[in-house]
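Working notes, beginning with the structure itself.
Predicted model only: the values in this text are computed from it and were never measured.
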Amino acid sequence: MSKKILILPGDGIGPEITQAAVDVLQVLNNKFGLKVETETALVGGSAYDDCGQPLPETTLNLAKEADAVLLGAVGGPKWEPLDIAVRPEKALLGLREELSLFANLRPAILYNYLANASSLKYDRISGLDLLIIRELTGGIYFGKPRGVEMRNNERVGFNTYIYAESEIKRIAHVAFQSAQKRQKRLCSVDKANVLEVTELWRNIFNEISSQYPDVELTHMYVDNAAMQLVRAPKQFDVMVTGNMFGDILSDCAAMLTGSIGMLPSASLDANNKGMFEPIHGSAPDIAGNNQANPIATVLSLAMLLRYSLGEETLAVKIEEAIDAVLANGYRTADIALADEKSVGTTEMSQAIVSELLKV
């Protein structure tokens with residue numbers, strides 16, 4: 001029986017980078033016998049332009065029916081004047097909430113061929129292999145009450161940072177189990193010295209750690225964690241944190257690898273059904289110009305195969321193809337040094353496909 005993947009190109013460079021993933025999928029179907037069907041739907045700004053909603057009901061229903069979702073990117077200056085309730089980014093929050101995608105996995109792995117593209121010195125980042133786990137459906141992004149209202153004749157904005165014990169426990173188990181498969185070191189990031197909600201977070205992680213005696217648990221305040229990521233990133237194996245802190249730290253980690261265009265992500269439910277997407281934005285300034293780096297999207301496809309479809313062998317083939325392409329000197333503009341020739345989105349995609357066809 002074939003599996004179904006919903007493709008959500010979205011906005012900006014989204015259609016270009018998701019096409020690269022679709023091209024790779026075609027090779028996997030034709031050459032390696034992968035039985036996957038794809039369907040495409042609107043999301044984000046493009047959906048708003050079509051029907052006045054960033055997450056149409058038809059798109060949400062297709063996402064629920066699919067075995068996995070591959071997303072490009074949403075948003076852009078065109079839609080910033082809209083009311084916050086219908087901005088493209090609301091589609092992401094809606095998909096995460098409706099699909100119960102509470103665990104966000106963001107690996108930051110440095111390809112040695114790109115070490116010089118990083119802003120840090122080679123000895124600080126060579127061999128970097130870090131996994132950041134971000135709780136995705138709780139915290140301040142979803143907490144209520146929230147809004148803007150008048151108080152004492154002035155506007156006041158407010159959001160609520162809230163986590164229930166059950167939400168913390170389930171992301172803790174994901175984090176500990178992920179660490180067990182790696183170097184067995186887990187760093188939980190919080191702000192327990194000033195925020196009661198993260199004091200609860202720390203206490204619950206300490207309680208659950210007894211169930212994972214083989215994993216070394218440490219704690220770090222988020223401000224120090226941000227500093228340590230750029231001071232000595234290889235000290236970390238797995239980092240786990242709440243929604244807002246994870247949003248910030250994972251983008252910081254992205255630049256350690258040379259470009260945010262290199263980092264994929266997986267957002268999973270309790271059964272490993274998920275939505276997979278590059279962590280970069282829609283980059284409207286280069287949209288349609290064949291300049292976007294498709295690697296993060298193709299790596300997101302590899303994560304989709306690994307986590308939601310159980311196709312570890314094919315996931316590895318994609319990762320090895322990308323490694324070979326970089327070893328052969330292919331670079332998009334975001335990862336090319338001043339003296340290196342860069343290629344466009346299509347050329348990079350074709351190079352990855354060519355490597356897969358050689359296997």
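- Remark: D339 CG is packed, more than 12 non-hydrogen atoms of other residues, nucleotides or ligands lying under 6.0 Å away.
- The side-chain heavy atoms of R106 and L263, taken from C-beta on, include no pair separated by under 4.5 Å.
- Using a 4.0 Å cut-off between charged side-chain N and carboxylate O, K234 and D123 make no salt bridge.
- For the residue pair S250 and I132, the shortest heavy atom distance occurs at CA-CD1, 3.6 Å.
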- Would T257 and L114 satisfy side-chain contact (heavy atoms from CB on, under 4.5 Å), going step by step from the backbone distance to the final call? CA-CA 7 Å; T257 68; L114 302 181; over 6 Å; no
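- Residues F142 and V174 share a hydrophobic cluster, clusters being chains of Ile/Leu/Val/Met/Phe/Trp/Tyr side chains in contact below 4.5 Å.
- Between L305 atom CG and F276 atom CZ the span is 8.5 Å, to the nearest 0.5 Å.
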- Message: Walk me through whether T346 and N290 qualify under side-chain hydrogen bond (donor to acceptor under 3.5 Å, both in side chains).
- Response: CA-CA 7 Å; T346 302; N290 192 37; 3.1 Å; yes
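- Summarising the geometry, atom OG belonging to S342 is positioned 8.0 Å from atom CD belonging to Q291; distances are rounded to the nearest 0.5 Å.
- Residues R87 and W79 form no side-chain contact, since every pair of their non-hydrogen atoms from C-beta on lies 4.5 Å or further apart.
- Partners of A179 by side chain to side chain contact (heavy atoms under 4.5 Å, CB included), not counting sequence neighbours, listed by chain and number: L186, V215, V238.
- Among pairs with a residue in residues 178-203, those fulfilling ring-ring contact (aromatic ring centres under 6.0 Å, His included) read Y163-W201, W201-F205, at least two apart in sequence or across chains.
- Shown here is R155, whose CZ atom has no more than 12 heavy atoms of other residues, nucleotides or ligands within 6.0 Å.
- Between N289 atom CG and T345 atom OG1 the span is 9.0 Å, to the nearest 0.5 Å.
- Put simply, the side chain of N159 never gets that close to the backbone of G143: no donor and acceptor are under 3.5 Å apart.
- The closest side-chain heavy-atom distance from P233 to L120 is below 4.5 Å.
- Taken to the nearest 0.5 Å, the CD atom of Q53 stands 11.0 Å off from the OG1 atom of T58.
- Nearest heavy atoms, I13 versus G281: CD1-O, 3.9 Å.
- Among the candidates L136, T137, L95, the single residue satisfying the side-chain contact (heavy atoms from CB on, under 4.5 Å) test with S267 is L136.
- Applying the under-4.5 Å side-chain rule to Ile, Leu, Val, Met, Phe, Trp and Tyr, the cluster around I84 consists of that residue alone.
- Proximity of a side-chain donor or acceptor of R146 to a complementary backbone N or O of Y141 within less than 3.5 Å is detected.
- Side-chain N or O atoms of D129 include none that pairs as donor or acceptor with a backbone N or O of I109 at under 3.5 Å.
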- Message: Applying side-chain contact (heavy atoms from CB on, under 4.5 Å) to M220 and F236, what does each step give before you reach the verdict?
- Response: CA-CA 11 Å; M220 191 173 290; F236 300 110; 3.8 Å; yes
- Derivation and outcome, side-chain hydrogen bond (donor to acceptor under 3.5 Å, both in side chains), residues Q228 and N224: CA-CA 6 Å; Q228 295 297 330; N224 185 31; 3.2 Å; yes
What side-chain donor-acceptor pairs closer than 3.5 Å can you find for residues 308-321, not counting sequence neighbours?
unit_1: S308; atom_1: OG; unit_2: N272; atom_2: O; d: 2.6
unit_1: S308; atom_1: OG; unit_2: G274; atom_2: N; d: 3.2
unit_1: E312; atom_1: OE1; unit_2: R306; atom_2: NE; d: 2.7
unit_1: E312; atom_1: OE2; unit_2: R306; atom_2: NE; d: 3.4
unit_1: E312; atom_1: OE2; unit_2: R306; atom_2: NH2; d: 3.3
unit_1: E319; atom_1: OE1; unit_2: R306; atom_2: NH2; d: 3.0
unit_1: E319; atom_1: OE2; unit_2: R306; atom_2: NH1; d: 2.9
unit_1: E319; atom_1: OE2; unit_2: R306; atom_2: NH2; d: 3.2

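- Rounding to the nearest 0.5 angstrom, the gap separating the OG atom in S126 from the NZ atom in K121 is 13.5 Å.
- At least one donor-acceptor pair under 3.5 Å links the side chain of T59 to the backbone N or O of L42.
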- Query: Can I204 and K169 be said to form a side-chain contact (heavy atoms from CB on, under 4.5 Å), step by step?
  - Reply: CA-CA 7 Å; I204 290 174; K169 283 183 174 179; 3.7 Å; yes
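- Of the charged side-chain nitrogens involved, none lies within less than 4.0 Å of a carboxylate oxygen, so that K78 and D11 do not count as a salt-bridged pair.
- Formation of a donor-acceptor pair under 3.5 Å by the K31 side chain with backbone atoms of V359 is found in this model.
- Within the 4.5 Å cutoff, no side-chain heavy atoms of N293 are placed close to those of H280.
- Looking at L326, I279, T332 one by one, the single match for side-chain contact (heavy atoms from CB on, under 4.5 Å) with M262 turns out to be L326.
- V222 is not listed as a side-chain neighbour of T241, based on a closest heavy-atom distance of 4.5 Å or more.
- Between E65 and K4 no salt bridge is recorded (no basic side-chain N to carboxylate O distance below 4.0 Å).
- Side-chain contact between T160 and K144: absent, with no pair of heavy atoms (C-beta onward) separated by less than 4.5 Å.
- In terms of modelled atom types and a separation under 3.5 Å, the side chain of T18 and the main chain of G14 share a donor-acceptor contact.
- For NZ of K184, the number of neighbouring non-hydrogen atoms (other residues, nucleotides, ligands) closer than 6.0 Å is greater than 12.
- By the 4.5 Å heavy-atom criterion applied to side chains, F176 and L217 are counted as neighbours.
- The 12-atom threshold is not exceeded at CD of E196, counting heavy atoms of other residues, nucleotides or ligands nearer than 6.0 Å.
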- Item | Criterion side-chain contact (heavy atoms from CB on, under 4.5 Å) on E199 and N203, from CA distance to verdict | CA-CA 6 Å; E199 183 180 20; N203 291 338; 4.1 Å; yes
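- Remark: side-chain polar atoms of R202 are not paired, donor with acceptor, to backbone N or O of H219 under 3.5 angstrom.
- For the salt bridge (Lys or Arg N to Asp or Glu O under 4.0 Å) condition, the pairs that include at least one residue of residues 215-233, sequence neighbours left out, are K191-D223.
- Sparse packing is recorded around CZ of R124, with 12 or fewer heavy atoms of other residues, nucleotides or ligands lying under 6.0 Å away.
- Donor-acceptor pairing under 3.5 Å is lacking for the side chains of Q350 and D23.
- Tested against N243 for a side chain to side chain donor-acceptor pair (under 3.5 Å), the candidates R134, E167, R96 yield a single pass: R134.
- At least one donor-acceptor pair closer than 3.5 Å links the side chain of D190 to the backbone N or O of A192.
- Atom CD of E277 is separated from atom CG of L70 by 9.0 Å, given to the nearest 0.5 angstrom.
- Between E57 and N61 there is a side-chain heavy-atom pair separated by less than 4.5 Å.
- Formation of a donor-acceptor pair under 3.5 Å by the K273 side chain with backbone atoms of A66 is found in this model.
- Minimum heavy-atom separation, P54 to A91: O-CB, 3.4 Å.
- Between the side chain of S282 and the main chain of G75, a donor-acceptor pair closer than 3.5 Å is present.
- In this view, H173 and Y212 satisfy the ring-ring contact (aromatic ring centres under 6.0 Å, His included) rule, not counting sequence neighbours.
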